[in-house]
Each structure stands twice: as structure tokens, then as C-alpha cells.
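Shown next, in C-alpha cells, is the structure this report addresses.
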Number of protein chains: 2
Amino acid sequence: MARKSAAHPPLKLDNQICFAVYSTAHAFNRIYKPLLERLGLTYPQYLVMLVLWERDDVPVKDIGQRLFLDSGTLTPLLKRLEAAGLIRRTRSAEDERQVLIALTPQGHALRDKAKTVPQGVLAASACSVDELVSLKSELVALRDRLIAALGE
Amino acid sequence: MARKSAAHPPLKLDNQICFAVYSTAHAFNRIYKPLLERLGLTYPQYLVMLVLWERDDVPVKDIGQRLFLDSGTLTPLLKRLEAAGLIRRTRSAEDERQVLIALTPQGHALRDKAKTVPQGVLAASACSVDELVSLKSELVALRDRLIAALGE
DNA sequence: CACAACTAGATTGTGCACAATATAAAATGT
DNA sequence: ACATTTTATATTGTGCACAATCTAGTTGTG
């Protein structure tokens, strides 16, 4: 016995799936940084813009649910996007507790400049689209199981 | 033509491999948080301890290379670990530029308490070890290609 | 209506993470 | 030997990220 744990000692850094995920996220961040600099966005800001380009005029809550982020993270980030002239923040008339996030014309226009970003990342990954699609769905499945485990 | 990009529109959030990685890293962080709280560690601090449990008395640089982190991140983190009594920071005698990081007896002792952490994470992932090992190596391969692309 | 329970955001405090810069020590070239 | 370059770490400033807490607005119940 103990053959499995001898092959994969549990406290060795290189055996940690979490570190593989963590360090890959870092690597992506560094790939994105120069590509997003042209747009004046950070990576989390880019994620928010991706959400808004799909549909805007949504409350902060919706963006947070989509990105798994809370108001403590989003409020200052959205204020920076507003200061950059990309979005507008307005209280909802129906429910005064909600702040609706809408794109400005500049925010809409930025989408065109962003269109080239995914190609750059794909090139850096040196992977086929099929490989990435399959890796992505494995990760999403794992992520959703982890999130499910949190709710217990 | 354009069939592939119609199936996978490049600016849709859910098609972004990077977001899958990013959000999975978050999910791991939340799984780890309560497990590491017992040890008085954050997740990045835990990674540093994993490195040191494999070998200590190493310069800051080595830890940084292992974890892909720079001194701006590690210096304050290591000072907090020192304040917690887990490590000692001493200038190297041979090369005065280096700060050597060594475990204290408490730092060594913490390893025993940490042994149960990976089980908790494995349980939360609801995955077999084999699945995780394979996913890990795909991620590491992708990460290393991204890092290679950075150096061009 | 009154009052408790809940919800959406904002605020504060702590801890990464990195770029840019500074400093000091070591290594190198002439 | 001395100037140049490189290297290791530290510092500062900006921007996430989340826990804990606060406020204001909404909903549910009697």
C-alpha cells in the first residue's frame, strides 16, 4: 500500500493541481497585460467589459454572479471604468438599491479594438482551438464541483 | 467559412479558456481558505511553505522562481511569515545580496498539521486522482507554452 | 400600519501581485 | 585597480480580492 501516495506525495508543490491552475492564471495575466494595455484595461476590467458587451444595463449583482466577484471588488473597479468614460452607473428607478451599469458610446466602440485580443492569446498558447475547448470544459466542470462543495 | 468562429464567438465570456482558469483558481482559493485558516496561512503563504518544506535555507530568488513571483510580492509575505514565527530571514554570509529563508521549529512542525489539507481539497473536487493528474499536466504544458511566448 | 427579515451596494482593512525604482553587493572587462 | 554591468532584495504606488460591517431600500407578516 501507499504506492499511490509515494508516486504523488500530497505536499509536493509540483503535485498540486491548484498550483497548476494558479500559475497558469498568472501566465495568462501576463500574456494579456500588453494586449489589454492598448485598450487601457486590466484583465478583470476586460472580463467586466466582456459581460457588458454581451448585455448591458444590468445591475452590479448580475456582473458579480457572472464573474464570481462581490461588490467589494466590483465597486471600485466599476468606478475606474466610469472615470475612464467606458460605462455609466445609475440607480435603478424600480429598485433604488440597484445600480445599473450601461456602456457609453466609447464603451461600445472599444469592442472593435478588443476583437484582436483573443487571437493574440490563442497564438501565445500554441494550442489548437479544439484542445483549448476541451481543457476549458474540464476546468469548468472542476470549478463547478468546487463551488458546489463550498455550499455544503 | 466562419463556421468555427460562429460556434465559438471569440469575445464571449464563456468561451474564454482564460476565464475558466481564472475562475477555477478563485474557486480553489475559497476551498483552501477555511482549511488553511486552522494553520494561520493564506494560500500564497501555503505555497511558500510547500516550497520550504521540500528544502529550506534557500534565497528569496529561488522561492520566486519556483512560484513565478517577484520580490515585490514575496518580501512583505515573508515578513509576515517571520512575524508569525514560522521562518527566519538572514543575510547570506557568502553573498550579502541574498536573504536566506529558513524554517523555525514551528515552521517545521506546521507540516504535520498541513498533511490533512490535500485530502480536503481532493474531496471537494469530487475527482479521481488520475483525472486531476492528467488535468494538471495539461495545464502545466499550457502554462509553460504561455511563459515561453512571453520571452519572445 | 408597524416591525422584523432580507437584499443591493458601499466602505474599511488586510493581503496578494506587479511595474518602476532604488540600493547595495558581486561579477566582469579593460 | 577601477569603472561597468549584472544580480538580489527592498520600496512605492496602483489595482484586484475578500471578510466584515454599514446604510438604505424592499418585502413579508400580523
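Residue numbering restarts at 1 for every chain, and letters A, B, ... go by the order of the sequence lines.
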Please list all pairs passing the side-chain hydrogen bond (donor to acceptor under 3.5 Å, both in side chains) test where one or both residues lie in residues 91-102 of chain B, with sequence neighbours left out.
B:Asp95-B:Arg97

Show your working on side-chain contact (heavy atoms from CB on, under 4.5 Å) between A:Thr42 and A:Leu36 and close with a plain yes or no.
CA-CA 6 Å; A:Thr42 65; A:Leu36 294 179; over 6 Å; no

Show me the pairs that pass side-chain hydrogen bond (donor to acceptor under 3.5 Å, both in side chains) and involve residues 111-127 of chain A, at least two apart or across chains.
A:Arg38-A:Thr116, A:Asp112-A:Lys115

For a quick check, with a 4.0 angstrom heavy-atom cut-off, what is the B/S/- contact string for nucleotides 7-17 of chain C, read 5' to 3'?
BSSBB---SSB

Round to the nearest Å and state the distance from A:Lys33 atom NZ to C:dA20 atom C1'.
12 Å

Sequence-distant partners of B:Tyr43, side chain to side chain donor-acceptor pair (under 3.5 Å), two or more places apart
none

Run the side chain to side chain donor-acceptor pair (under 3.5 Å) test against A:Asp144 and tell me which residues pass, sequence neighbours left out.
none

Would you classify B:Glu37 as touching base, sugar-phosphate or nothing, given that sugar-phosphate means primed atoms plus P, OP1 and OP2, and contacts are heavy atoms under 4.0 Å?
nothing

Look at all strands and tell whether B:Gln65 reaches a base, only sugar-phosphate, or nothing, counting heavy atoms closer than 4.0 Å.
nothing

Distance in angstrom units between B:Leu67 CG and C:dC18 P, rounded
11 Å

Side-chain donor-acceptor contacts of residues 58-69 of chain B below 3.5 Å, not counting sequence neighbours, with atom names and distances?
{"from": "B:Arg66", "atom 1": "NH1", "to": "B:Glu54", "atom 2": "OE1", "distance (Å)": "3.3"}
{"from": "B:Arg66", "atom 1": "NH2", "to": "A:Asp14", "atom 2": "OD2", "distance (Å)": "3.3"}
{"from": "B:Arg66", "atom 1": "NH2", "to": "B:Glu54", "atom 2": "OE1", "distance (Å)": "3.3"}

